[in-house]
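Ligands are counted one by one from 1 in listed order, and the atoms in each one are counted from 1 as well.
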Amino acid sequence: MRAQPNGSHFVNGAYLDDPAGEVIEVLYPATGEVIARLHAATPAVLDAAIASAEAAQRLWAAETPAARGRVLRRAAEIMRVRNRDLSVLETLDTGKPLQETLVADAASGADCLEYFGGIIAGDTGDFIPLGENFVYTRREPLGICAGIGAWNYPIQIASWKSAPALACGNAMVFKPSETTPLSALKLAEIYIEAGAPPGLFNVVQGMGAVGAALATDPRIAKVSLTGSVPTGRKVYAAAAAGMKHVTMELGGKSPLIVFDDADLENAVSAAINGNFYSSGQVCSNGTRVFVQEAIHDVFLARLGERLSGVVVGDPLDESVNYGPQVSARQCEIVMGYIKAAVAEGARLVAGGTRIDRAGYWIAPTVFADVTDAMTIAREEIFGPVMSVLRFAQEDEIVARANATEFGLSAGVFTRDLARAHRVVARLQAGTCWINTYNLTPVEAPFGGVKASGLGRENSRHALDHYSQIKSVYVATGDVVAPY
Ligand code: NAD
């Protein structure tokens, strides 16, 4: 098998397996070929992971922030050196074109490790003078954090969660998606090589039940999930019962609003990137493309022309720019949405069919004449299905863009910058873009509002979600008491 690791799990600094765990078959989505066979974590594996994390966390939290940062920065360097191998593995696991994984996955993970490795030593506490007394604050780790990942950006998600967690002095037990379990194991190897104590970052495999076991374990202080809204509701409820901290990076149905004064070519590029990159499997995608009436038809025409640039083929071939869906199940879900759209009266202008190859391929699909009430305009599809909707006025479009339970992202294209800032200020979304789409540099906070989630990843704000502040009052005089 092409990508069989030395064990299913990575615990206490080494690969570990327990054949008693349920079998997880890992497939190359571009062909359906089995590339690895793993086992889900048994209670014994979970116990070993949490126990080793407890021991490692005590040592790690006692290190200076500068020493912790050095390990993270060393790990970032190793990731960069191994970028090609990590990218090939990510392509095998997810089916995303190598052209994408080379620049967007381990590369973004390395940026994140470097960033948090760089800022943590400069993150000093507050000193609050109170006359002759004073208060100072200490940023303290939470303890053991659980990370639970989705399948679209596996090593990026593992990095975005572990880097701020480890920088703050926590340990992490990470459960990748059962669909894409491989690359997190490589990250675990890299942390050890960079000097992290064994047990600081453990990887355990499994389906939802293993995630649920982490979310309910009293030894886990925080759960950071990247996944769908329904899973988020379950994990948040489980965490609440244990009064655990949470970060919830969930789904979206984000609006991409194109005003009639926009640079048309850039707006079309953004709609393509924001719907078909990673074959549409991106949480922040701008899947509701609202185009102002005057340019609606020319926008659609140009979009149709640009879609002739799609190159389908083996995703390991770097000239290929479009990959399959991650699994047969995901393929069925997306095809179901396409059928529903046709049945509800949307006009199919591109794609709409499976691509005739082994594996799980669906052509980039565009629907026009979509209305706000249609299923494809309301529900997250997580596939290559773009809905184009018309609008007339600014107030109207703000109301329609916000009329969703989600609030992950939003984009506005216009040459009128006053209007851009005015509209963005009224949009209910955690991340907005003006005249671009889907850029998520580590320096900028990322996360959702409404049902799309809680907490922020990336940027210095992520530190607040992996630490707690202790306030220390220091008196220099006598204590006054009434008796
Ligand atoms: P999913 O919700 O099915 O699974 C996510 C993870 O949760 C998996 O590891 C799964 O095993 C685990 N899980 C499932 N049930 C659980 C339970 N009861 N308790 C604990 N863990 C459980 O999501 P998916 O299909 O893997 O990923 C796609 C979804 O993720 C989409 O909705 C997408 O928008 C979202 N996503 C969000 C972001 C973001 O940053 N906001 C990024 C990527 C993906």
Check: residues 403-412 side-chain donor-acceptor pairs under 3.5 Å, at least two apart:
residue: Thr404; atom: OG1; partner: Phe406; partner atom: N; Å: 3.0
residue: Glu405; atom: OE1; partner: Arg233; partner atom: NH2; Å: 3.0

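Glu344 and Thr375 share a donor-acceptor pair across their side chains, judged by distance under 3.5 Å alone. Side-chain N/O atoms of Ser284 and Asn438 include a donor and acceptor closer than 3.5 Å.
A donor-acceptor pair under 3.5 Å is formed between the side chain of Asn402 and the backbone N or O of Arg426.
Closer than 4.0 angstrom to ligand 1 sit non-hydrogen atoms from Ile148, Gly149, Ala150, Trp151, Asn152, Lys175, Pro176, Ser177, Glu178, Met207, Gly208, Gly211, Ala212, Leu225, Thr226, Gly227, Ser228, Thr231, Lys234, Val235, Glu249, Leu250, Gly251, Cys283, Glu380, Phe382, Leu408, Phe446.
At least one test fails for Lys244 against the ring of Tyr236: distance under 6.0 Å to the centre or angle within 45° of the axis.
A side chain to side chain contact (heavy atoms under 4.5 Å, CB included) with Gln4 holds for exactly one of Ile35, Leu182, Leu38; it is Leu38.
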